Amino acid sequence: MEIVIVPDAAAGGELIASAMAELVTRKPDALLGVATGSTPLPIYQALAAKVRGGALDVSRARVCQLDEYVGLPTGHPESYRSVVLREVIEPLGLTEASFFGPDGAAEDVAAEAIAYDHALAAAGGVDLQLLGIGTDGHIGFNEPCSSLASRTRIKTLTQQTRVDNARFFDSLDEVPHHVITQGIGTILEARHLVLLATGEAKADAVAATVEGPLSALVPASALQLHPHATVVVDEAAASGLKLADYFRATYAAKPAWQSI
Ligand code: PGA
């Protein structure tokens, strides 16, 4: 894994946006897997600024979802489809035609999840998958003890995740209990995984992901299995890393083949 320690969230967003811009310049129809939550917003803002400034053309890029709540009505403002349309698709000047994800309001959720897994493969696979990390170590909505080989499927959220996400809803009761999430095995098929974590609350999960054992208890530790995984953390999220100085030195001397 490549660990990059940045001063703050804005610097992490800028760094990752630059890597995405480089990818899209090299491969204009790249499939970009986007994540929701608060953490990736600086990435999308930095990317949109490049597009607005004329430095980047993303018009042929494709965008796909990492996960989705189950049971919210179609068009609900906190459905992840709505969030991605608002935070990514519209600011980048893309249209809905370039964006796909699982339908959390589908009648047969299990079939929808399998169909989405197949749709990702049919689209040629994800070129770069953005990830956040839960305080419990989840990636996507793969909660602790998810199979490290799991495919896209329905999952039940932990109470911790529902509490963490209640800020987006009027009350905890409104946070769905179920989700469709790309499985860990599905996520690992993306060509490049980029996880951004910011803030003290993520320090323990980051340390367990990067320096702990590979464990289903910490789903993000599955990134240790990926040949091209980048973990970008601010100083606060890096505060639990024993090898922080080594990571700083390694990144400062990074070889040319590294993409971030
Ligand atoms: P957050 O969510 O960015 O809002 O902290 C991250 C996650 O749950 O994956």
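Start at 1 and go down the list; that is how both ligands and their atoms are numbered. The chain is numbered in sequence order, starting from 1. Being a predicted model, the structure only gives us computed values, none of them experimental.
- At a 4.0 Å heavy-atom cut-off, the residues surrounding ligand 1 are Gly37, Ser38, Thr39, Gly132, Ile133, Gly134, His138, Arg167, Lys202, listed by chain and number.
- Applying the ring-ring contact (aromatic ring centres under 6.0 Å, His included) definition to pairs two or more places apart or across chains, those involving residues 186-245 are His192-His228.
- With salt bridges taken as basic N to acidic carboxylate O contacts below 4.0 Å, none links Glu78 and Arg167.
- Salt bridge status for Arg26 with Glu22: present, with a side-chain N to carboxylate O gap under 4.0 Å.
- In terms of the salt bridge (charged side-chain N to carboxylate O under 4.0 Å, His left out) criterion, residue partners of Asp117 (sequence neighbours excluded) are, by chain and number, Arg151.
- With contacts defined as side-chain heavy-atom distances shorter than 4.5 Å, the pair Ile180/Lys155 does not qualify.
- Residue pairs that meet the ring-ring contact (aromatic ring centres under 6.0 Å, His included) test with at least one member in residues 124-149, sequence neighbours left out, are Tyr69-Phe141, Tyr80-Phe141, His138-Phe141.
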